[in-house]
Amino acid sequence: MTDDNASEVGEVSGESAGETLLLPELVAHLRENRTQLRQEWASRIADTRLLSAMTNKEIFSEATSVYDNYVEVLETGSVEALQHYARDLSERIIPRGVETEEVVGIVLLLRDVLARSLFEKYREDFPLLNRILDAYEPAANRIANTVAVSFVEERERVIRQQQDAIRELSTPVLQVRERLLILPIIGMLDTQRARQVTEQLLRGIRTHRAKVVVVDITGVPDIDQAVANHLVNTVDASRLMGASVIVTGLSAEIAQTLVTIGVDLSKIITVGDLEGGIEEAERVLGFQGDPVGRCRTIRT
């Protein structure tokens, strides 16, 4: 390494060290002016109508926690506590309709409020102000990114939970009588939903020791090859658990699709409609002339 290069590295290292030494001074300023800056930030949030789903009291309470976490990250360099708080905050406010851009917006507002405060404090010494901002901005960017990522991850988790709940409600497993289940499927049947249908059905078979299952697909407009194959696999899995599967409600279009894509129909018992499927199921179970009892939903 040449003397010039060594000098450059030394200068860079010195600047980095200098910026690091400035952080304690920056943190002390933000803590000393905590009440004023927090109030200004909360007012800015209210003025921009962010977090409109929350009351002013709630906004101020959350602003206090976010502010303290923000300053702690600047002081320690660790975002772990902030990540935990951001996830907890997301769990509480996402169900109330708060959007991702609102959360990112309030964090950027805080960044702006604090930057303006630093400018006001150090405006008479521009070299020092530049060094202060050089130390502050990377940390502020990291904080904003941490909060945004945590919020997005939590929002995606909530959406997945809601989608699973909707799918489960849209594919109820019903017990007609002892050892007999019905699974009516309505709407599009994609690979993910087909997998969930299989899981619910197998749980129902195990829980109620079912011997026959009637799967009615009258309300399914179409299925592709992957879903058709999944249906055959569901029949096989049910058989392994000791239950026969009767499929009812195949439309002409779906029947043609199954033939075209080469699904092994010899593994599937099919009956024209649900009523006929129940009659066939009762025949398999040995019931004759006994009226079908009231259906009840199986909670799996």
Side-chain angles (χ1 to χ4, degrees), residues 22-126 128-162:
L22 288 174
L23 281 175
E25 180 178 346
L26 187 157
V27 168
H29 168 72
L30 299 182
R31 285 209 167 115
E32 181 181 348
N33 295 275
R34 174 176 180 265
T35 301
Q36 174 190 341
L37 294 174
R38 183 187 54 183
Q39 182 62 57
E40 182 180 347
W41 179 39
S43 298
R44 291 279 301 276
I45 293 174
D47 291 343
T48 54
R49 298 188 179 181
L50 293 171
L51 305 182
S52 57
M54 301 171 63
T55 66
N56 289 337
K57 182 177 180 180
E58 289 172 328
I59 291 174
F60 188 79
S61 175
E62 297 297 351
T64 300
S65 297
V66 174
Y67 187 97
D68 291 340
N69 275 275
Y70 196 103
V71 174
E72 182 179 347
V73 174
L74 290 175
E75 181 177 34
T76 65
S78 172
V79 297
E80 184 176 351
L82 180 62
Q83 287 174 327
H84 178 77
Y85 173 76
R87 285 193 295 268
D88 180 66
L89 174 63
S90 302
E91 289 178 359
R92 288 184 279 111
I93 66 178
I94 286 176
R96 301 179 62 174
V98 176
E99 300 294 336
T100 305
E101 56 266 26
E102 292 185 87
V103 175
V104 175
I106 66 170
V107 175
L108 294 179
L109 276 180
L110 177 57
R111 171 184 168 171
D112 182 62
V113 167
L114 300 188
R116 289 172 181 271
S117 174
L118 295 173
F119 180 82
E120 183 67 24
K121 178 178 176 63
Y122 297 102
R123 63 180 180 177
E124 300 298 333
D125 187 344
F126 277 99
L128 178 57
L129 174 61
N130 285 332
R131 292 171 57 206
I132 288 285
L133 293 178
D134 285 342
Y136 170 68
E137 287 182 352
N141 290 338
R142 186 183 182 201
I143 291 170
N145 183 67
T146 298
V147 173
V149 169
S150 297
F151 190 88
V152 169
E153 288 177 346
E154 177 61 24
R155 188 173 186 82
E156 289 176 347
R157 186 188 68 81
V158 170
I159 290 173
R160 286 194 299 270
Q161 285 184 334
Q162 292 172 340

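One-based numbering along the sequence shown.
- Classification of the Phe126-Phe119 ring pair by plane angle, with boundaries at 30° and 60°, yields perpendicular.
- Going from atom CG of Asp134 over to atom CG of Leu129 covers 9.5 Å, rounded to the nearest 0.5 Å.
- Judged by distance alone, with hydrogens and angles left aside, the side-chain atoms of Ser61 form no donor-acceptor pair with the main-chain N or O of Lys57 at under 3.5 Å.
- In terms of modelled atom types and a separation under 3.5 Å, the side chain of Tyr136 and the main chain of Leu118 share no donor-acceptor contact.
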Run Arg131 and Tyr122 through side chain to side chain contact (heavy atoms under 4.5 Å, CB included) and show every step you take.
CA-CA 10 Å; Arg131 292 171 57 206; Tyr122 297 102; over 6 Å; no
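- With Ser150 contributing its side chain and Thr146 its backbone, the two residues share a donor-acceptor pair below 3.5 Å.
- No donor-acceptor pair closer than 3.5 Å links the side chain of Trp41 to the backbone N or O of Tyr67.
- To the nearest 0.5 Å, atoms CD (Gln36) and CG (Leu30) are separated by 11.5 Å.
- Using a 4.0 Å cut-off between a side-chain N of Lys or Arg and a carboxylate O of Asp or Glu, Glu153 and Arg87 do not qualify as a salt bridge.
- Taking every heavy atom of both residues into account, Val73 and Ser78 meet most closely at CG2-O, 3.5 Å.
- Glu99 and Phe151 make their closest contact through C-CE2, 3.8 Å (heavy atoms, listed as atom of the first residue, atom of the second, distance).
- The backbone N or O of His29 sits less than 3.5 Å from a side-chain atom of Asn33, completing a donor-acceptor pair.
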Could you go step by step and tell me if Glu62 and Tyr85 meet the side chain to side chain donor-acceptor pair (under 3.5 Å) rule?
CA-CA 10 Å; Glu62 297 297 351; Tyr85 173 76; 2.5 Å; yes
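- Across all non-hydrogen atoms, the minimal contact from Val98 to Leu51 is CG1-CD2, 3.7 Å.
- Counting non-hydrogen atoms of neighbouring residues, nucleotides and ligands closer than 6.0 angstrom, the CZ atom of Arg34 exceeds 12 such neighbours.
- The line from OH of Tyr70 to CG of Leu74 is 6.0 Å long, rounded to the nearest 0.5 Å.
- Taking CG from Leu26 and OG from Ser117, the interatomic distance works out to 9.0 Å, rounded to the nearest 0.5 Å.
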